[in-house]
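Quick notes on the structure that follows.
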Protein chains: 2
Amino acid sequence: MQLPENKQLKENKKNLIIEAASKVFAEKGFSGASIADIAAYAGIGKGTTYEYFDSKEDLFFAVFEWHVEQSSQAATVNITALGGPASDRLSAMNESLMNYFVDKMDIFSLVMEFWAASASSKSREHYKQAFKDTYREFRGIVSSLIQDGIERGEFRSDVDVAAISAGIVGTWDAMFLQGWFDESFDIADTGKKCMAIFLKGLSIK
Amino acid sequence: MQLPENKQLKENKKNLIIEAASKVFAEKGFSGASIADIAAYAGIGKGTTYEYFDSKEDLFFAVFEWHVEQSSQAATVNITALGGPASDRLSAMNESLMNYFVDKMDIFSLVMEFWAASASSKSREHYKQAFKDTYREFRGIVSSLIQDGIERGEFRSDVDVAAISAGIVGTWDAMFLQGWFDESFDIADTGKKCMAIFLKGLSIK
DNA sequence: ACTTTTCGACTGACCGGTCGGTCAAAATAT
DNA sequence: ATATTTTGACCGACCGGTCAGTCGAAAAGT
């Protein structure tokens, strides 16, 4: 089979470019990074980039999707299988996401570039929609866990599940934002304590 | 007195430019906005802009400081005077900030541009420092309120005040982020409910 | 041989920042 | 009161540099 092999190669090079672009965009921002920079970093010619992506915007969006995919995996890994108390699973999810991002704090600058793209890029609506879906997905996962906890009699049933889910998901953004600006801010520790407060508020007593 | 009147005029025009720049930057982002755009929007010549600001970067930073000032006022107004229960004052602060931003949701795109500037602008350290200070200020205000509540016997004393403050302050960012992407997300309502959870977690019982 | 992929020189649009000229009003002289 | 000079805010044409995207030629693959 040649075609798949061909496709495979294509796909590999595409990923190579995306990873290079990810680094360079993270370093210099969307506007600050030039296609020439990215191509040089990837060790290819400038023109080659355009064999795989139609435009700079297009490449940037591909980088975006790639990272959405990655973090979505970090969120769900180790959680879905596990069948213990809901509070344990929420804590596990919390820890998994914290660790994922603390490890790659350097790419958090990209997240801010993506947010900005949702506000003023040419394809802002495209980014907005993708973020909207992603946040919904994350809130959905948390909601299910909370709902499960309620049904097990672990959590109070008079809480607004959607609101708390938004709060918990939001706390992740919040921790990274504050950690980004302040090196002395302990992201993982503060995140854990915030989760504890949420769990205390949810607890049946 | 001639000099102050002169200064006054200067100051007025500076503000005029800042406000125009604020609109245009919010609309098109830092890179997308041209000085020509901004000058046209302000109804002045391009060259005039440079009588008041050294560079585009400089102007953008002025816009940033202007908004930091504004939101800082929105945070503290109605709170410092009031002497009721700490939980009431926290709720008041929550509501004041929510209302301030919900009213001017359109400028939230600027916030994201500022965040991005802290990551990849030429003067990223400048922005980072300013954000660090601002977040510390906000966390400080919340901390004092919580501390006060603990001393009044309103709140439990075995909580990590700094962590909860970070959580509460972070929730504001979080609500606006999620509201930004999703029109059907009720920022004010969800914010209120999250604050309620935090207060429940803090409550002496 | 010929097809596919890679490449980087080139182009044209764009834009930040400069600068010499203009003009109205303030200061000064008569 | 009127004429003359000085000032500096204001302007936009212009310059120099940058960079996304193109394209034809060279290299690699088959």
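By convention in this document, chain letters (A, B, ...) are assigned in the order of the sequence lines, proteins followed by strands, and residues within each chain are numbered from 1.
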Rounding to an integer number of Å, can you tell me how far [X] [atom1] sits from [N] [atom2]?
X	N	atom1	atom2	answer
F53(A)	dA20(D)	CZ	P	15 Å
Y52(B)	dG16(C)	OH	C1'	20 Å
K13(A)	dC7(C)	NZ	C1'	11 Å
L16(A)	dT5(C)	CG	P	16 Å
I38(A)	dG8(C)	CD1	P	16 Å

Classify the side-chain pair N15(A)/E19(A) by whether it contains a donor and acceptor separated by less than 3.5 Å.
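Their side chains do not contain a donor-acceptor pair, so the 3.5 Å distance test is not met.
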Donor-acceptor side-chain pairing of S184(B) and R136(A) below 3.5 angstrom:
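R136(A) and S184(B) do have a side-chain donor-acceptor pair below 3.5 Å.
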Can you tabulate the close N/O pairs, meaning under 3.5 Å, that link protein atoms to atoms of nucleotides 21-27 of chain D?
unit_1: dG21(D); atom_1: OP2; unit_2: Y50(A); atom_2: OH; d: 3.1
unit_1: dG21(D); atom_1: OP2; unit_2: K56(A); atom_2: N; d: 2.9
unit_1: dG21(D); atom_1: N7; unit_2: K46(A); atom_2: NZ; d: 3.2
unit_1: dG21(D); atom_1: O6; unit_2: K46(A); atom_2: NZ; d: 2.3

Who passes ring pair (Phe, Tyr, Trp, His ring centres under 6.0 Å) against F138(B), sequence neighbours left out?
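Expected list: none.
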Is the ring centre of F60(A) less than 6.0 Å from the ring centre of F53(A)?
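No, the ring of F60(A) stays outside the 6.0 Å limit from the ring of F53(A), centre to centre.
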Can you find a heavy atom in the side chain of I38(B) that is under 4.5 Å from one in the side chain of L59(B)?
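Side chain of I38(B) against side chain of L59(B), heavy atoms only: contact under 4.5 Å found.
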What residues form a salt bridge (Lys or Arg N to Asp or Glu O under 4.0 Å) with R152(B), not counting sequence neighbours?
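R152(B) satisfies salt bridge (Lys or Arg N to Asp or Glu O under 4.0 Å) with D148(B) only.
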Would you indicate what A40(B) reaches in the nucleic acid, counting non-hydrogen atoms under 4.0 angstrom: base, sugar-phosphate, or nothing?
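The answer is nothing, as A40(B) stays clear of every strand by at least 4.0 Å.
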Give a yes/no on whether any side-chain N or O of T48(B) is located under 4.0 angstrom from OP1 or OP2 of dA9(D).
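T48(B) to dA9(D) OP1/OP2: no side-chain N or O under 4.0 Å.
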